[in-house]
Amino acid sequence: MPQTYTPIASTTVGTATNSVTFSSIPSTYTDLILVVNGVLTGSGGGRFRVNGDTGTNYSYTRVYGNGSAAASDRNSNQDFAYGSNLTTVVSNGIYHFMNYSNTTTNKTIISRNSASDAMVNAVANLWRSTAAINSITFDTGGYNMTTGFALALYGIKAA
Amino acid sequence: MAFTYSPIASVTVGSGGASSITFNDIPQNYTDLVVKVSARSSVNDTAFTVQFNGSTTAYYTRNLLTYVAAPTAGTAASSTQSNTASASLEALEPSTYTANTFNSSEIYIPNYAGSTNKSFSADTVTENNGTQSMLVMVAGLLSNTTAITSIKLSPATSGNFVQYSTAYLYGIRATEY
């Protein structure tokens with residue numbers, strides 16, 4: 001039976017922090033889904049790295065609406081993958097890591113962010129590495145995830 | 001134990017249509033909720049709304065990104081809406097669009113049973129063959145800390161959801177039983 005959204009790990013922030021890492025991710029699934037939901041101490045945070053890679057090996061193309069205009073942009077050679085535009089109002093991000101455990105291809109991550117007071121966007125990320133993803137670090141930069149901020153990692157296994 | 005989108009409830013609109021689709025008594029033992037919708041209006045109405053817990057108090061805020069694709073040109077736009085009695089998700093397949101065609105929508109509500117305000121996402125598409133299609137992404141906020149126990153979907157202005165419109169409610173659990 002195909003399994004979808006099998007919980008791998010989850011955490012709820014107790015003490016405010018700007019970084020949460022999911023490590024030792026099993027390689028037995030086909031895709032990963034990371035869901036984040038909560039409030040930051042400031043507006044504009046939400047990005048991630050995989051396998052602790054701090055090199056400029058990420059790029060993204062984004063389409064977004066900020067309540068007054070729709071736009072699209074692209075950035076290459078970034079040292080983070082673009083995640084979300086989380087704010088001081090409860091908002092959420094959902095990230096799909098496609099075929100994360102293969103060791104043949106670079107990795108594609110689709111992000112979907114909803115911040116009702118700031119931005120709604122969809123992002124296609126690329127991590128230029130053929131390594132299997134075994135850790136994900138979600139980072140909110142200069143702002144903290146406040147107490148109660150929830151992060152949940154799920155695995156999806158193909159039939 | 002295998003985990004899936006756990007089905008909670010489903011609605012298929014019968015003959016005569018339905019003025020709304022409501023899921024009541026939503027169990028509180030999941031982490032997130034997902035609603036999958038396939039709907040069409042009985043009139044020329046291109047929007048539908050979502051309302052939680054039957055509340056019509058002005059709690060809703062949303063940020064919307066719309067892309068309308070036409071045969072020769074497409075347009076993108078963004079808008080906001082605040083303090084409304086329900087959140088409009090747009091993109092309902094109206095009666096004037098290609099026959100037997102329904103929209104496709106997903107509403108994702110993380111941490112629906114928590115004691116904070118509720119953020120939700122909605123992605124919807126419509127299609128009118130050879131004329132235009134629409135993609136709408138919504139960032140929504142319910143400014144109410146009460147856990148969500150019911151969800152109501154309605155055409156935004158008038159008419160009904162037609163026969164064969166469907167809505168499926170699923171639960172996702174972040175921790176094992």
Side-chain angles (χ1 to χ4, degrees), chain A residues 1-12 29 33-39 62-72 84-94 96 110-123 146-157 159, chain B residues 1-7 30-32 34 59-68 74-84 87 106-123 135-145 170-177:
Chain A
M1 173 183 179
Q3 298 182 23
T4 66
Y5 281 67
T6 301
I8 297 173
S10 62
T11 187
T12 301
Y29 298 97
I33 306 286
L34 175 64
V35 180
V36 304
N37 175 246
V39 176
R62 179 178 61 153
V63 57
Y64 63 92
N66 61 8
S68 58
S72 180
S84 300
N85 193 54
L86 304 176
T87 69
T88 56
V89 174
V90 63
S91 50
N92 70 77
I94 304 170
H96 297 237
I110 306 298
S111 303
R112 171 73 173 86
N113 170 66
S114 289
S116 62
D117 65 323
M119 182 184 295
V120 54
N121 69 40
V123 185
T146 61
T147 300
F149 194 101
L151 304 95
L153 182 67
Y154 302 89
I156 296 178
K157 185 172 290 186
Chain B
M1 177 178 181
F3 286 86
T4 66
Y5 268 37
S6 297
Y30 296 98
T31 305
D32 303 338
V34 180
Y59 287 142
Y60 300 89
T61 302
R62 65 133 169 95
N63 195 341
L64 178 144
L65 173 62
T66 304
Y67 184 78
V68 179
T75 57
S78 183
S79 62
T80 60
Q81 194 179 64
S82 300
N83 299 318
T84 55
E106 175 180 298
I107 307 167
Y108 196 102
I109 312 158
N111 296 295
Y112 72 102
S115 58
T116 64
N117 291 337
K118 307 301 180 294
S119 166
F120 60 94
S121 302
D123 297 334
L135 164 68
V136 177
M137 297 164 51
V138 171
L141 173 70
L142 171 64
S143 297
N144 189 299
T145 59
Y170 301 91
I172 295 174
R173 190 177 271 119
T175 56
E176 298 192 16
Y177 291 99

Worksheet item: How many angstroms lie between atom OH of B/Tyr112 and atom CG of A/Asn37, to the nearest 0.5 angstrom?
Response: 13.5 Å
Worksheet item: Can you tell me how far the CG atom of A/Asn113 sits from the CE atom of B/Met137, to the nearest 0.5 Å?
Response: 8.5 Å
Worksheet, complete the sentence: Output for pair (B/Ile172 CD1, A/Ile33 CD1), nearest 0.5 Å, gives 8.5 Å
Item to complete: Would you mind checking which part of A/Val35 comes under 4.5 Å of any heavy atom in chain B, side chain (CB onward), backbone (N, CA, C, O), both or neither?
Response: side chain
Fill in: Which atoms of A/Ile94 approach chain B - backbone, side chain, both or neither, heavy atom under 4.5 Å
side chain
Item to complete: Measure A/Val63 against the heavy atoms of chain B and call it side chain, backbone, both or neither at under 4.5 Å.
Response: both
Worksheet item: Mind checking what makes salt bridge (Lys or Arg N to Asp or Glu O under 4.0 Å) contact with A/Asp117, not counting sequence neighbours?
Response: none
Discussion item. Can you tell me which portion of A/Ala122 sits under 4.5 Å from chain B's heavy atoms? Options are side chain, backbone, both or neither.
Written reply: both
Item to complete: For chain B, find which of A/Gly67, A/Gly65, A/Ser10, A/Ala9 contributes the most heavy-atom pairs closer than 4.5 angstrom.
Response: A/Gly67
Item to complete: List the atom of B/Asn63, the atom of A/Ala115, and the distance in Å for their closest heavy-atom pair.
Response: ND2-O, 3.7 Å
Worksheet entry | Under 4.5 Å from a heavy atom of chain A, the part of B/Ser115 involved | neither
Worksheet item: Among all residues two or more places apart in sequence or in another chain, which pass the side chain to side chain contact (heavy atoms under 4.5 Å, CB included) test with B/Ala87?
Response: B/Val50, B/Tyr60, B/Phe120
Worksheet item: Rounded to the nearest 0.5 Å, how far apart are OG1 of B/Thr116 and CZ of A/Phe149?
Response: 11.0 Å
Item to complete: Select one option (side chain, backbone, both, neither) describing which atoms of A/Ala70 are under 4.5 Å from chain B's heavy atoms.
Response: both
Worksheet, complete the sentence: Result for side chain to side chain contact (heavy atoms under 4.5 Å, CB included) between B/Leu141 and one of A/Ser91, A/Ser114, A/Ser116 points to A/Ser116
Fill in: Where B/Ala122 and A/Arg112 come nearest, the two heavy atoms and their spacing
O-NH2, 3.2 Å
Worksheet item: Where on B/Leu64 is there a heavy atom nearer than 4.5 Å to chain A: the side chain, the backbone, both, or neither?
Response: backbone
Worksheet item: Picking from B/Thr66, B/Asp32, B/Asp123, which has the most non-hydrogen pairs under 4.5 angstrom with chain A?
Response: B/Asp123
Worksheet item: Is any side-chain heavy atom of A/Tyr5 closer than 4.5 Å to a side-chain heavy atom of B/Val34?
Response: no
